[in-house]
Amino acid sequence: MYNPLTHKTPYGAAYVGGAIDIKFPLDCGLQIKRVFIVLRQVFGEGGAADGGSLRFELPYRLTENGEDIFEGALSLLDYGIYKYRFEGEYGDGSLAFFGRGCDGCAVLGDWLPEWQLTVSKCDYKTPNWAKHGVIYQIFADRFCKASDIPFNKRGRLHIDWYERPDIAEEGTDYRADDFFGGNAEGIISKLDYIKSLGVSCIYLSPIFKSSSNHRYDTGDYLKIDELFGSEEDFCRLVAESAKKGIAVILDGVFNHTGADSVYFNREGSYPTLGAYQSAQSPYYDWYYFYEHPDKYHCWWGSTVVPTANKSAEGFRQLLLGRNGVIDKWSKSGIAGWRLDVVDELPVNFTTELCRKIKESGKDMLIVGEVWEDATVKIAYDEWRPYFMGEQLDSVMNYPFKEAVLAYTLDGDKNAFIAKASQVLEGYPKQSLDTLMNLIDSHDTVRALTYLSGVTPPERKLDRAEYRLNDTDYALAKKRLMFASALQYTLPGVPCLYYGDEAGVQGFEDPLNRGTYPWGREDRELIEHYKSLGRMRERYSEYFTGQTYFINDGEILIYRRISEAGVLTVYANATNHTVLRDCIGKDAASGEVIKDKLVVEPCTVRIILE
């Protein structure tokens, strides 16, 4: 039966005016004489679409292997998101309906789910350099401190690097005002280690001047936070990384600023006349005041991050103008931006921001923070056209994260295939190849802790102090190795959250933002991640190929097929060993398999066939 990954060309999304070839196989026993594809546009220019359906006939081509093959080509002139199904016509004119089954393949029946067809405005390009290697996410304050920088912030500087992060006391707000002092010099000192993990790109959490340890409350977009280092230190980090073949992308927090900022200046920390201080401030129209000065719009009710008015001319000039934020930091040699809460930004502003980034440097990568399927993302009742060719290259791939972690824990391969197939079918191939594939981040529970399966203690203080016992750690570690092997072989680029490779634990933030445990690492885990990184380097061309799932009654099997060859992944989430016919070579160990492949429980084998 029809499977969009094998019976539709192009693979994944299409583009306006481009040919879309559809092959629809049917069991001969159904004796269907004609087949039609029926499409309806659900999102397009202006957002939601409520137009009528389009109906195209797929002519009969031939019969082979007990199937009647209907095949044809069509093209669409309007960009957007379409849903489609098939109709079969019997000899007497009555109809049969075919929709999407749970495995993505066609099923006969009424009122079945449809398939998605994404149609971009154009056949746009994404940076080729970003489709290989490994991304390493660094929470800047917590990775490495190579030298002491004078501490002049409100809050405290931890003396002991190995202390846990501070948490809010019960009934109080978390202030994020404890610091460890990780800095640019520290990252530079560890570039050889980072490179040994197969890393090709460092994604840095915010580094601009701020009053918090996470720096998502920007104080000054044009200055590096003094605790991270000087502007010269940052530029040297970018230059030294480039020498080792490592790109650097920055975290762009453009939906809101800090209340303690040169623009808002609620705390009076800056010599400027901030919007909080006076309605006569040049920054006043950068914000939304209900009652000046204390009632204003802010991000999810957090008064330390007032929402910026993206239509304010001064704010737009700061970000997009000549010698503005994008201009200034692009000239430092960075390779792109990760856009924080991009779905909070107005659509037209996102388009202008992305255009400016692309104009500012060759092959700039733009990654958006989107937690859902980004092709059909709706925010504030508005569809976000991220992959129409004018905005994002990539997003943080949370759907894959959820699928990988769930399969690792429950072994439901059909649920995994269903979730992954939706991404493969809906995303343009060029963006699929640059997806930031994570299994945790600064916003989620550490993967090791999550995969232990332990029930989190009820009190936050207890969660803060919690560490896995030896038995739970061993199980979680085995599962992390399993999950990371999937993460490193699925379409997109794996994003390794600093310290996962060393055995760092932690529940929700800030407990997931502990320091890297230099000298106390889990060496076996590090070697595992180095092995995966070497595999990504050695067989990089295989990981931009197409992906197909193979039917199997017990385990998850998928193939990455490219011009370089075929790489097959066997993932066994059962509690027993399985054997599969196989001729090939293990991509990690080099073992030659001549007959039977042994796949132990909670193990992934990656085979070059």
Please identify each residue that fulfils side chain to side chain donor-acceptor pair (under 3.5 Å) with [X], with sequence neighbours left out.
X	value
Asp595	none
Tyr558	Thr489
Lys377	Asp343, Glu372

Expected output: side-chain [X] to main-chain [Y] donor-acceptor under 3.5 Å:
X	Y	value
Asp509	Leu511	no
Lys8	Pro10	yes
Asp141	Phe180	yes
Tyr407	Ala571	yes
Arg479	Leu451	yes
Glu369	Val341	yes
Tyr427	Ala374	yes
Glu402	Phe400	no
Asn213	Asp178	yes
Tyr11	Thr547	yes

Which residues pass the side-chain contact (heavy atoms from CB on, under 4.5 Å) test with [X], sequence neighbours left out?
X	answer
Val454	Ser452, Tyr466, Leu468, Asp472, Phe507
Cys28	Thr63, Asp68
Tyr124	Ser120, Cys122, Thr126, Phe387, Pro428, Gln430, Ser431
Arg523	Glu521, Ile526, Glu527, Lys530

Set out, in order, the CA-CA distance, both residues' side-chain angles and the distance that settles salt bridge (Lys or Arg N to Asp or Glu O under 4.0 Å) for Asp462 and Lys460, then state yes or no. CA-CA 5 Å; Asp462 293 333; Lys460 185 147 191 172; over 6 Å; no
Please work out whether the ring planes of His214 and Tyr216 are parallel, tilted or perpendicular, with thresholds of 30° and 60°. tilted
Can you find a heavy atom in the side chain of [X] that is under 4.5 Å from one in the side chain of [Y]?
X	Y	value
Tyr136	Ile246	no
His132	Thr544	yes
Gln116	Tyr82	no
Leu5	Glu425	yes
Leu480	Tyr529	yes
Ile249	Met436	yes

Which pairs pass salt bridge (Lys or Arg N to Asp or Glu O under 4.0 Å) with one or both residues in residues 435-449, sequence neighbours excluded? Asp443-Arg513, Arg446-Asp500
Can you list every salt bridge (Lys or Arg N to Asp or Glu O under 4.0 Å) pair that touches residues 187-206, not counting sequence neighbours? Asp192-Lys244
Do you know which of Val395, Val342, Leu392 makes side chain to side chain contact (heavy atoms under 4.5 Å, CB included) with Ile366? Leu392
Does CG in Asn469 sit with more than 12 non-hydrogen atoms of other residues, nucleotides or ligands closer than 6.0 Å? yes
Would you say Asp160 has more than 12 foreign heavy atoms packed within less than 6.0 Å of its CG? yes
Go through the steps to decide whether Arg559 and Thr568 satisfy the test side chain to side chain donor-acceptor pair (under 3.5 Å), and finish with yes or no. CA-CA 4 Å; Arg559 287 201 171 104; Thr568 305; 3.2 Å; yes
Would you call Arg560 and Glu541 a salt bridge, using N to O less than 4.0 angstrom? no
Below 4.0 angstrom, N of the basic side chain to O of the carboxylate: do Arg534 and Glu537 qualify? no
For the ring pair Tyr162 and Trp518, is the centre-to-centre distance below 6.0 Å? no
Using the benzene-type ring in the case of Trp, are the ring centres of Phe70 and His7 under 6.0 Å apart? no
For residues 413-421, tabulate all N or O donor-acceptor pairs below 3.5 Å that involve a side-chain atom, not counting sequence neighbours.
unit_1	atom_1	unit_2	atom_2	d
Lys413	NZ	Asp552	O	2.7
Ser421	OG	Ile417	O	2.7

Could you check Glu508 against Arg463 for salt bridge (Lys or Arg N to Asp or Glu O under 4.0 Å), going step by step and ending with a plain yes or no? CA-CA 9 Å; Glu508 78 284 358; Arg463 296 197 297 276; 2.9 Å; yes
Which value, rounded to the nearest 0.5 Å, describes the distance between Cys144 atom SG and Ile138 atom CD1? 9.5 Å
Start with the C-alpha distance between Tyr498 and His442, add both sets of side-chain angles, then the distance that settles ring pair (Phe, Tyr, Trp, His ring centres under 6.0 Å), and finish with yes or no. CA-CA 10 Å; Tyr498 81 104; His442 63 293; 9.9 Å; no
Could you check whether [Y] and [X], counting side-chain N and O atoms only, form a donor-acceptor pair closer than 3.5 Å?
X	Y	answer
Tyr174	Asp166	no
Thr449	Gln505	no
Thr577	Glu600	yes

Locate the shortest heavy-atom distance separating Pro127 from Thr434; write the atom from each residue and the value. O-CG2, 4.1 Å
Lys585 and Glu591: CA distance, side-chain angles, deciding distance, salt bridge (Lys or Arg N to Asp or Glu O under 4.0 Å) verdict: CA-CA 6 Å; Lys585 181 177 73 172; Glu591 175 193 355; over 6 Å; no
Report the residues that fulfil ring-ring contact (aromatic ring centres under 6.0 Å, His included) with His528, sequence neighbours left out, ordered by chain and then residue number. none
Residues forming a ring-ring contact (aromatic ring centres under 6.0 Å, His included) with Phe543, sequence neighbours excluded: none
Derivation of the ring pair (Phe, Tyr, Trp, His ring centres under 6.0 Å) call for Trp115 and Phe86: CA-CA 10 Å; Trp115 292 271; Phe86 296 92; 5.5 Å; yes
